[in-house]
Number of protein chains: 2
Amino acid sequence: MKIGELAKRTEVSIRMLRYYEAEGLLKPTRAANGYRHYGQGEIRTVERIKLLGSAGMTLATIKQFLPCVRGEGPVFEPCDELRNVLHEQIEFADQKAAKLAQSRAILESFLFDIERQ
Amino acid sequence: MKIGELAKRTEVSIRMLRYYEAEGLLKPTRAANGYRHYGQGEIRTVERIKLLGSAGMTLATIKQFLPCVRGEGPVFEPCDELRNVLHEQIEFADQKAAKLAQSRAILESFLFDIERQ
DNA sequence: ATTGACTCTTACAGCGCTGTTAGGGTTTAG
DNA sequence: CTAAACCCTAACAGCGCTGTAAGAGTCAAT
């Protein structure tokens, strides 16, 4: 599919799809006319990028482990390091979740203070 | 206390403390020499700002309800709207938490994929 | 063949946050 | 008195993300 369609399906702007590519997260093929061409799998990839990104992960970070799981054949890569990165990121996510919970609690205490009077 | 001390106590850079002020989140008094002067309460305020900020809240957003809870006397302000903002933000935090959880799950699935082989 | 929708590249610009630098005053301790 | 440490303002700069515009080629339908 062409970029416009992928954009519609994933609700990610064309601008950003091209940006993902520039950052090495997508590698669409090119038609003779220069148009980008995406396969079905890219939808899933983009969804994942969206999700990880919405959790505050940077594209550079996402890129680190995306190739390992994009289904590009067996991984002989530095997967020991990848494991580490993943562990790091998971822990990071946990920290973020903790902060978020505290934050939410503060908001609620604010609400409580306001509400009672 | 002066800005340097507040910075040390809260672990927020002097730069950022001044920025908070520029954005209307802090209102230190000024000594005759122009030095900013902070009271004890500011520590707590800054901690809250830190926490809310670390949860992805923008300073402009935080500012919306901070005055209402900074202990600046009774609140006759548009607190109905504040209530709404708070509810919005809480819901927002919940959404973020959900995303974060999904994100974490993805990371773990990646880890799982790598680990088994 | 023309038109409208789509695509391409390049580049500028903005947001929110943060560090750094420049240039200058103030305070404190030796 | 001097030097170190601290404070002030103002401004530039970068990061990561995102929109928008300019200028040009491509495609599909009429």
Side-chain angles (χ1 to χ4, degrees), chain A residues 1-39 42 45-66 85 89 92-93 96 99-100 103, chain B residues 1-39 42 45-66 85 89 92-93 96 99-100 103:
Chain A
M1 81 197 83
K2 285 182 288 181
I3 199 168
E5 195 181 338
L6 183 59
K8 260 171 207 148
R9 292 210 192 170
T10 58
E11 292 182 293
V12 169
S13 73
I14 290 178
R15 174 70 175 84
M16 289 311 293
L17 290 177
R18 293 203 265 242
Y19 184 59
Y20 289 173
E21 180 181 357
E23 296 299 303
L25 300 190
L26 291 178
K27 302 201 191 307
T29 58
R30 296 292 185 125
N33 53 14
Y35 286 15
R36 288 168 180 82
H37 205 249
Y38 300 88
E42 315 294 85
T45 303
V46 173
E47 294 295 356
R48 284 177 161 179
I49 295 174
K50 267 176 71 174
L51 206 45
L52 296 173
S54 73
M57 225 161 285
T58 213
L59 288 189
T61 302
I62 299 175
K63 182 184 174 181
Q64 289 187 278
F65 41 76
L66 198 65
V85 177
Q89 287 303 315
F92 208 55
K96 221 174 277 177
K99 296 271 189 182
L100 197 51
S103 208
Chain B
M1 84 197 80
K2 286 181 289 180
I3 200 169
E5 195 181 338
L6 183 59
K8 260 171 207 148
R9 293 210 191 168
T10 58
E11 293 182 294
V12 169
S13 73
I14 290 178
R15 174 69 176 85
M16 288 312 291
L17 290 177
R18 294 202 265 242
Y19 184 60
Y20 289 172
E21 181 181 357
E23 296 298 303
L25 301 190
L26 290 179
K27 302 202 192 306
T29 59
R30 295 293 184 126
N33 53 13
Y35 286 15
R36 289 169 181 81
H37 204 248
Y38 301 88
E42 315 294 86
T45 303
V46 173
E47 295 294 357
R48 282 177 162 181
I49 295 174
K50 266 177 72 174
L51 207 45
L52 295 172
S54 74
M57 225 161 285
T58 212
L59 288 189
T61 301
I62 298 175
K63 182 185 175 182
Q64 289 186 278
F65 41 78
L66 198 65
V85 177
Q89 287 303 316
F92 208 54
K96 223 174 277 179
K99 296 270 190 183
L100 198 50
S103 209

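Below, chain A is the first sequence line, B the second, and so on; all start at residue 1.
At least one side-chain heavy atom of B:Leu59 sits less than 4.5 Å from a side-chain heavy atom of B:Tyr19. Residues A:Tyr20 and A:Leu66 have side chains not in contact (no heavy-atom distance under 4.5 Å, counting atoms from C-beta outward). Under the 4.5 Å side-chain criterion, counting only non-hydrogen atoms from C-beta, A:Lys50 is in contact with A:Glu11. The closest side-chain heavy-atom distance from B:Tyr38 to B:Leu26 is below 4.5 Å.
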Show the distances under 3.5 angstrom between N or O atoms of the protein and N or O atoms of nucleotides 19-23 of chain C.
{"unit_1": "C:dG19", "atom_1": "OP2", "unit_2": "B:Ser13", "atom_2": "OG", "d": "2.9"}
{"unit_1": "C:dG19", "atom_1": "N7", "unit_2": "B:Arg15", "atom_2": "NE", "d": "3.1"}
{"unit_1": "C:dG19", "atom_1": "O6", "unit_2": "B:Arg15", "atom_2": "NE", "d": "3.3"}
{"unit_1": "C:dG19", "atom_1": "O6", "unit_2": "B:Arg15", "atom_2": "NH2", "d": "3.0"}
{"unit_1": "C:dT20", "atom_1": "O4", "unit_2": "B:Arg15", "atom_2": "NE", "d": "3.4"}

Within the sub-3.5 Å range, which N or O atoms of nucleotides 2-4 of chain D have a protein N or O partner, and how far apart are they?
none

At a cut-off of 3.5 Å, list every protein nitrogen or oxygen paired with a nitrogen or oxygen from nucleotides 24-28 of chain D, distance to 0.1 Å.
{"unit_1": "D:dG25", "atom_1": "N2", "unit_2": "A:Tyr35", "atom_2": "OH", "d": "3.0"}
{"unit_1": "D:dT26", "atom_1": "O4'", "unit_2": "A:Tyr35", "atom_2": "OH", "d": "3.3"}
{"unit_1": "D:dC27", "atom_1": "OP1", "unit_2": "A:Asn33", "atom_2": "ND2", "d": "2.8"}

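Taking atom CD1 of residue A:Ile49 and atom P of nucleotide D:dC17, one finds them 11 Å apart after rounding to whole Å. Per the geometry, CD belonging to A:Glu5 stands 18 Å off P belonging to C:dA5, to the nearest Å. Between the P atom of D:dT9 and the CD atom of B:Glu21 lies a distance of 7 Å, rounded to the nearest Å. If you measure from atom CG of B:Leu17 to atom P of D:dC7, you get 10 Å, rounded to the nearest angstrom. The nearest whole Å value for the distance from the CG atom in A:Leu25 to the P atom in D:dT18 is 12 Å. A:Tyr19 has its OH atom 13 Å from the C1' atom of D:dG19, to the nearest Å. One atom, CG of A:Leu6, and another, P of C:dT7, lie 10 Å apart when rounded to the nearest Å. Put simply, NE2 on B:His37 is 12 Å from P on C:dT27, counting in whole angstrom units.
When distances run from any side-chain atom of A:Arg30 to the nucleotides C:dG16, D:dC6, C:dC8, the shortest one goes to C:dC8. You'll find that the side chain of A:Arg18 is closest to C:dC8, out of D:dC8, D:dC17, C:dC8.
Note: A:Leu51 CG to B:Ser103 OG = 5.0 Å, rounded to the nearest 0.5 Å.
B:Glu23 meets the side-chain hydrogen bond (donor to acceptor under 3.5 Å, both in side chains) test with no other residue; sequence neighbours excluded. In this structure, the side-chain hydrogen bond (donor to acceptor under 3.5 Å, both in side chains) partners of A:Arg36, at least two apart in sequence or on a different chain, are A:Glu21. Applying the side-chain hydrogen bond (donor to acceptor under 3.5 Å, both in side chains) criterion to B:Arg9, with sequence neighbours excluded, gives B:Glu5.
When all heavy atoms of A:Gly4 and A:Ile14 are compared, the closest pair comes out as CA-CD1, 4.2 Å. Residues B:Leu100 and A:Ala55 come closest through the heavy atom pair CD1-CB, 3.6 Å. The nearest pair of heavy atoms linking A:Gly56 to A:Lys96 is O-NZ, 3.6 Å.
Within 4.0 Å of A:Arg36, counting heavy atoms only, lie sugar-phosphate atoms of the nucleic acid but no base atom.
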